[in-house]
Amino acid sequence: MLVLALDTATPTVVVGVVDIDPPAESGWYGLGARATRSVPSGNRHAETLGALIPAVLHESGIRMAELAAVVVGLGPGPFTGLRVGVMTAAALADALGVPAYGVCTHDAIATMHEALAGSVPDGTTVPAEGFTVVTDARRKECYWADYNSSGIRISGPHVERPADVVARPDWRRNGLVIGDSVFSEALETEVVPAGPDPMGLVLAARGLTAGERPGPLEPLYLRRPDAQPPSARKLVTPR
Amino acid sequence: MSEYPGGPLILGIETSCDETGVGIVAGHRLLADAVASSVTEHARFGGVVPEVASRAHLEAMVPTVHRACAEAGVTPSDVDAIAVTAGPGLTGALLVGVAAAKAYALALGKPLYGVNHLAAHVAVDILEHGPLPQPAVALLVSGGHSSLLRVDDITGSITPLGSTIDDAAGEAFDKVARVLGLPFPGGPHIDRLACAGSAEAIAFPRGLTGPRDAPYNFSFSGLKSAVARWVERLERDGSPVPVADVAASFQEAVVDVLTAKAVRACRETGMEHLILGGGVAANSRLRALAETRAAANGLLLRVPRPGLCTDNGAMVAALGSLLVDAGVPASSEELGADSTLPVTLVSVPA
Ligand SMILES: [Zn+2]
């Protein structure tokens, strides 16, 4: 069964076709990636995503109609880029008549890290006390969430200034932090680079593999829109 | 090509401001016009909040597509092409529509046309009155734009003649409504109140109408301040404000300038046809005065019904249908949104 997975919650657009029941010899965690792309695209997620979806389908040698489900990262992430991915997934799924599953982008990063630690002899480990995922929230803030050693989220996602994160009593000083390494200095610890990827997104979509019906695709905004109801009318005549 | 009588079956998506619009046309025939508005969510902020609008577009898109398809009695796979507003407008809001349109086009294997919102405001009239008279002058007025255009070919040759140098006409309506204690959006309230007032009660200024002023540009910021000063003077004196007279006199100042400049543009460019569009073209006094002045000057006026003047998906579909008929190439899969897309670009090229 072929699934299109995509994420636009970070500065990198991620798209891939994943087989969730591949031939036994080729599978990894029961999954086979047919084609994946990760492209840094800054503020051009819509433009990039439009070209990457046909590209991964072409590379996979499949047609749109062969997709059985769509998985999308719901963030947290900067709003405009995040919405491009969520809207794309919702409209694709609607047009194809297939379900769309939303997952927390941090869960996708964490699940992938935990899966790699269990299967790849490259030094990737998960400490017994768990780990933290951090991504860029712009405006000098970060999104972060805590995971246990099985890759299950136990706190978050939150949005905070790094200085406030470090000052929290429950902050895991000297613990493993993965995600956007730009925060290494501000979080006073090395952030091991990690981002969402199609396999991680599908692994984190537990409802998909369990055959459950998907929930609504609601982005994890975490912040309210910036807007204040106007105060009293400003007078134009000087008093 | 689909079997629908009238021409290609086009699904149009509009998200440039606070209306999520999905329209379906078959050539010049309107089959569906579904609109979900987030306007009530903006009311307490006194204006459209871009992030609020963008969130609402995402929530409303798929249900609005379903509503339009049900109304038209078609399924998305029946359509021949998809058109979407690529600009001008609010970037975050535009991108929701572009992402949705692109995904539907990709999934259904249909061509995608990224189109200009202003040109779509002109094109929509084909759904009510048939083929556009060309060449023509178009006056487009709304909360986001006020411009005079020369339209030689709606699918590829539009020349801007002038536009507002400060507030859009609709913006002036909203601001004056606030001064008068009326809710957002102000246009319909002022229109209604003005019916009970006198348009000659107060001589509010007509911006940029001096002999040396740019003949086709508009300015409404000075008018808005003049109304505020006039109201504040009465309030300070403890006198009652004749709200209906203020509304009528303000409205008259706006539509007087709009119609005078539109008629002048027609005369000076030798055009016989004037087309009105945009949300402010739903204003009853603007429609009436445009009618009177067009007739007095031997001009043929075309104004779509009010429901087609405000932002909607049908106008995008209408322009899409004209582009398909003209054989204009579709946009590429890397289509983005351009908040300042110039009106000279009717569709975003491949
Ligand atoms: Zn408009």
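Chain letters run A, B, ... following the sequence lines, proteins first, then strands; residues in each count from 1. Atoms considered below: every heavy atom in the structure, side chains included; atoms not considered: hydrogens, waters and symmetry mates.
Residues Arg55(B) and Pro225(A) approach most closely at NH1-CD, 3.5 Å, considering heavy atoms. The shortest heavy-atom contact between Leu58(B) and Arg83(A) is CD2-CG, 3.6 Å. The two atoms that bring Lys102(B) and Ala46(A) nearest to each other are NZ-O, 2.7 Å, heavy atoms only. Of all non-hydrogen atoms in Ala99(B) and Thr88(A), the two that sit nearest each other are CB-OG1, 3.6 Å.
For the pair Met87(A)/Val98(B), no side-chain contact is recorded, criterion being any heavy-atom separation below 4.5 Å from C-beta on.
Looking at Leu92(A), the atoms closer than 4.5 Å to chain B (heavy atoms on both sides) sit in the backbone and in the side chain alike. Neither the backbone nor the side chain of Glu59(B) comes within less than 4.5 Å of any heavy atom of chain A. Using a 4.5 Å cut-off between heavy atoms, Val49(B) touches chain A through its side chain atoms alone. Contact annotation for Pro216(A): neither backbone nor side-chain heavy atoms come within less than 4.5 Å of a heavy atom of chain B. Using a 4.5 Å cut-off between heavy atoms, Arg233(B) makes no contact with chain A at all.
Atom CG of Asp164(A) has more than 12 heavy atoms from other residues, nucleotides or ligands within 6.0 Å. Counting heavy-atom neighbours within 6.0 Å of Arg138(A) CZ, excluding the residue itself, gives a total of 12 or less. Atom CZ of Arg223(A) is surrounded by more than 12 heavy atoms from other residues, nucleotides or ligands within 6.0 Å. Heavy-atom neighbours of Arg44(A) CZ from other residues, nucleotides or ligands within 6.0 Å: at or below the threshold of 12.
Residues in residues 83-100 of chain B take part in these side chain to side chain donor-acceptor pair (under 3.5 Å) pairs, two or more places apart or across chains: Glu14(B)-Thr85(B). The side chain to side chain donor-acceptor pair (under 3.5 Å) contacts involving residues 49-70 of chain A comprise Arg37(A)-Glu59(A), where partners must be two or more places apart or lie in separate chains.
Among the candidates Glu218(A), Glu47(A), Met64(A), Arg224(A), the residue making the largest number of heavy-atom pairs closer than 4.5 Å to chain B is Glu47(A).
A distance of 9.5 Å separates CG in Leu52(A) from CD in Glu333(B), rounded to the nearest 0.5 Å. Within the model, atoms CG of Leu82(A) and OG of Ser54(B) stand 11.5 Å from one another, a figure rounded to the nearest 0.5 Å.
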* Checking side-chain contact (heavy atoms from CB on, under 4.5 Å) for the pair Asp94(A)/His66(B): CA distance, chi angles, key distance, verdict? -> CA-CA 9 Å; Asp94(A) 182 50; His66(B) 289 186; 2.6 Å; yes

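Residues of residues 164-180 of chain B that come within less than 4.5 angstrom of chain A, heavy atom to heavy atom, are Arg178(B), Val179(B) in numerical order. Contacts of residues 103-112 of chain B with chain A at a heavy-atom distance below 4.5 Å involve Ala103(B), Tyr104(B), Leu106(B), Ala107(B), Leu108(B), listed in sequence order.
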